[in-house]
Structures are given as structure tokens and as C-alpha cells.
Amino acid sequence: MAGALPLAPWPNGARAATADRFTPDLEIELVARPDELQLLPGPSTDVWRYAGRVLKGPSDAVQSVPGSYAGPIFRFSTGQKVRIRFKNQIPQPSIVHWHGLIVPEQMDGHPRHVVPEGGEYLYEFTVRNRAGTYWFHPHPHGYTGTQVYGGLAGLILVSDDEERAARLPEGERDISIVLADRTFDRANQLVYEAAMGGMMGGMSGFFGERILANGRPALSFPAASGAYRVRLLNGSNSRIYRIARSDRKPLVAIASDGGLLAAPETRSFLVLGPAERAELWLDFHDASSGSKIALVAEPLDFGGGGMGMMGGMMGRGARTRTAAPSSFALFTVDRGASRQALPARLAELAPAAAPRDLLRREFALTMGHMRWGINGRVFEMDEVAPHERIRYGDTEVWEFSNRNAMMVMPHPMHIHGVQFRVLERIGTPPDLQGLHAGFLDGGVKDTVLVLPGERVRVLLSFKDYRGLFLYHCHNLVHEDMGMMRNFRVA
């Protein structure tokens, strides 16, 4: 792939975790390897992809995605003990992060645990999350973006009793879609220009010319005139999407990053930043036979590259850039079905409220010496600043402040080791406030999009595991440039 970021140093002798005293319910082999697939007419495309197989446990726990480099899909249950034997066969050091899962420090995919080509790492953890749509991807410092862009990403679908009680659509009516933008050269090879496209391009991120769904140009489904559950992941390196229906009917959202919402929420559109997820209830009961209804992804741009002073750029608002709106999933209604009732209630969620005496921490999203940072600091493999030391068991309010006057762009902020609730957004410029109608801030989250000029406060509890964890921007170009830090729970 053209334009790959330079390799960062990785620690010698990285070793797998030990398998002593852990008896898994499910054991999986996961291999990262080079491959080639015909994604577009003409020559095949070189990709990196994950291949998975069940070594012990339910045979349907690993599901491939036919004809695509995306996947595989893992199916877990809350309370299940999982062992994953990761083998790295790509020509770069790598490690796997289980995005959104609450796992111990050594199982979280910190870049200090990377293994070289030919190396292995053993993951063992108990699934503690509620039902939801999570995902996994590489997390080596300096070239996470290169490896994700090459094709290394898969979904994790967790189920539990609360989800089963909601009686949501299942089987062929439960559809998972990963959105990602890519650029191809004339030989159909992937081009990644985050580093090679010039300093200004690297500052804003990478934006591909095509929007793909599950690694394909578009998906098509013959649909009965009933309800579908559609799980969406924005797996792009940098791009933000506005999601809507082609027939202009409202979307019904039933889940966000961390699982089911308390009740269905109706939106005219949804906004998904990189790494954010949403689940939709699509109901075609009133569509006539032969109707064609698509889900459309409109790329958003924040000021033509994100450069400039605050006052000059904020007036431009969110606009499209490079890629045109894309119909990424087409449903053709061709047969009847009985109507399935949308549940009035989905899950029990405690109100998101923060007592006044909670500890509050502020994290400014900064730029200095042409490098992104947090509170003026960039990533150091083992460094933890004084304000990044957390007491185990505490509940806190974290505020992400995106008020850098020199570089005006959004930042999707992800915190490892916890799930959180969004409390409030403050100071959003008037021309961007309309995007709030597309956020699912009322649900459980692990990634939150912080718009230019605003401050976002989240409520989180450090009650699961002690150890060293990461928080960072999930614009992978920004992350690879150093917009990532450690925090320690002790």
C-alpha cells in the first residue's frame, strides 16, 4: 500500500499471556495474514485480513463474510470465558484491541504488547459487556491506520438475556455492515496517503474516494416486508458519515456503542464518527412489492481540510468532501411478511447524572509543533502524567475540550477499559448544532465525537480492572501521530 506510515519501534521479546488456571468455554484461532480479493472489476486487490476458526466451543461463534476482506464476526455471550490465539503473519508487528470490551490490562491490545511477524499472543478474558455490537482491530503505535486500512477489522456481537427478552429480529433479519472509505489506483491496489499526501492532509486525516460496505462497493438484500435489525460500524480511518434512508423516512435507532438504548429513538438521520456504532430497526411492512429502499451514507467535511483560524472556518459548517453520498445497502421488497412490533422498551439504563462532588478532569485536544496531542502531550509507551492516575473504584467526569483555534476539526475520542455516558455538550458553534440531532448520546458509549469548538463531558466508573489503559482520538491518522495517552487505574 502506498503511503504507509513509518514503523514505530516495538519492544523486544513481547510474549503472550500464560494459559494457567483458565478454562475457556470458547477457544478461537485468529490469524492476521496477507491475501488478495477481487473487490472491483479487473485485477485483484492485495489486502491484509483476519482469518478465524473455532478450536473449542460453539461452531457458529466465528462467522465469515463471503467475498469480502472484512471480518470475521465473533459471536459471544455475556459471562462466556474466551481464549483467542492470535498469530501475526503480516510483515509488521501487530496486536489486537477488542474495541469496547471490558478486559484486563494485558488483554486489551496495548501497543507495548505487539508481537513481530511470526509472533503469537494469547488472549483470555470473560465477556463482561452487555449485549451489543463491538469490534476488533490492530493497535500497534504508529501504524494502526495502515493495518486497519489494509483490511484488518472484524465485528464482535455479544448477546445476553436482556437482549433476548426484547425479541429483536434475528437470523437473516439481523444484518451487520461495516462502512469504510478507500482509494484504489489504476491496478485496483489500495492507496493510503495519510503520510505521503503532505503535511496538511496528514493533519486532517485520510479520506478515501470510495465508500465500501463490508469491503464491497455496495450491498443488496431481497427483503420481506417486515422488520430488520441493521448493525452499523463506521470502520473508516477518519471519515464521518451522516446516515439516512433514501425514501426520507425517519430512522429508528435501538442501540449505540455499548448496547441497547432504553427505548427506541427516532431520528431523521444519524451521525457516526470513526469507531462509533449504531443499530437500526428497519421496518418495510408498509412498502409495496418491488420497492427499493436504500441506506445512504453522506460524507461530512468540516471546513475544507480543517485548516485555519476558528472564526474563518466555523462559518463553513459541515460539508461533503471527495466522496459523493453513497447508497451502501439496497433493500428490494419482494415478498410479504407479518408485521413485527417494535418494543416500547428495550433495556434498563440508569439515568446519566453526576453528583457535584465527583472528581472532574479536563483533556484539551491540542496541536503543537505540527503534532496532535492531549493536554499538550503526545503518546509515550509507558508514560502516565499525574492527571492520568485514577483511583480504582472511583466514578469521575471527564471533559474533552476541542477548542484549538489553529486546527478546526472533530475528534472521535475513545477510552479503553470502560463504557461511559455522555452528560452534556457545551459551546457547540451554532452552524454545527444541527448535527446533534444525529447523535445517540443517551446510550452507553465508548467513543464520542467531539465537534470543533465544543466541550463534551462524560461520566465513567473505573470499577472493573486495575492497570494501564489508553485513551485517544480514533481518527487513526491523529492516533498514529501521537494523539493518544495512557491512564493508570490503581
Restricting to side-chain hydrogen bond (donor to acceptor under 3.5 Å, both in side chains), what partner residues turn up for Arg75, sequence neighbours left out?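 In terms of side-chain hydrogen bond (donor to acceptor under 3.5 Å, both in side chains), with neighbours along the sequence ignored, Arg75 is linked to Gln63.
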Give the ring-plane orientation class for [X] versus [Y], where under 30° counts as parallel, over 60° as perpendicular and anything between as tilted.
X: Trp98; Y: Phe125; value: tilted
X: Phe206; Y: Tyr149; value: perpendicular
X: His478; Y: His411; value: tilted
X: Tyr123; Y: Tyr121; value: tilted

What residues form a salt bridge (charged side-chain N to carboxylate O under 4.0 Å, His left out) with Asp108, not counting sequence neighbours?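 By the salt bridge (charged side-chain N to carboxylate O under 4.0 Å, His left out) rule, Asp108 matches no residue at all.
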Does some side-chain heavy atom of [Y] sit less than 4.5 Å from a side-chain heavy atom of [X]?
X: Leu152; Y: Ile90; result: yes
X: Gln106; Y: Pro104; result: no
X: Val489; Y: Tyr465; result: no

Kindly compute the distance separating CZ (Arg455) from CZ (Arg425), expressed to the nearest 0.5 Å.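 CZ of Arg425 is found 13.0 Å from CZ of Arg455.
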Nearest 0.5 angstrom please: Leu155 CG to His137 NE2, how far?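 One finds 11.5 Å between CG of Leu155 and NE2 of His137.
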Are the charged groups of Glu388 and Arg361 less than 4.0 angstrom apart, N to O?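 Arg361 and Glu388: not salt-bridged.
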Checking side-chain polar atoms at under 3.5 Å, does [X] have a donor or acceptor matched by the opposite partner on [Y]?
X: Thr144; Y: His97; result: no
X: Ser236; Y: Asp181; result: yes
X: Tyr134; Y: Asp446; result: no
X: Gln92; Y: Thr146; result: no
X: His472; Y: His416; result: yes

Of all heavy-atom pairs between Leu440 and Ala255, which one has the smallest distance, and what is that distance?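 Minimum heavy-atom contact is CD1-O, 3.6 Å.
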Which heavy atom of Leu272 sits nearest a heavy atom of Leu232, and at what distance?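 Distance-wise, the nearest heavy atoms are CD1-CB, 4.1 Å.
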Less than 6.0 angstrom from the centroid, inside 45 degrees of the normal: does Arg242 satisfy that with respect to the ring of Phe269?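 The answer is yes, since Arg242 meets both limits relative to Phe269.
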Pair Trp135 and His414, ring centroids less than 6.0 Å apart: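 Ring centres of His414 and Trp135 not closer than 6.0 Å.
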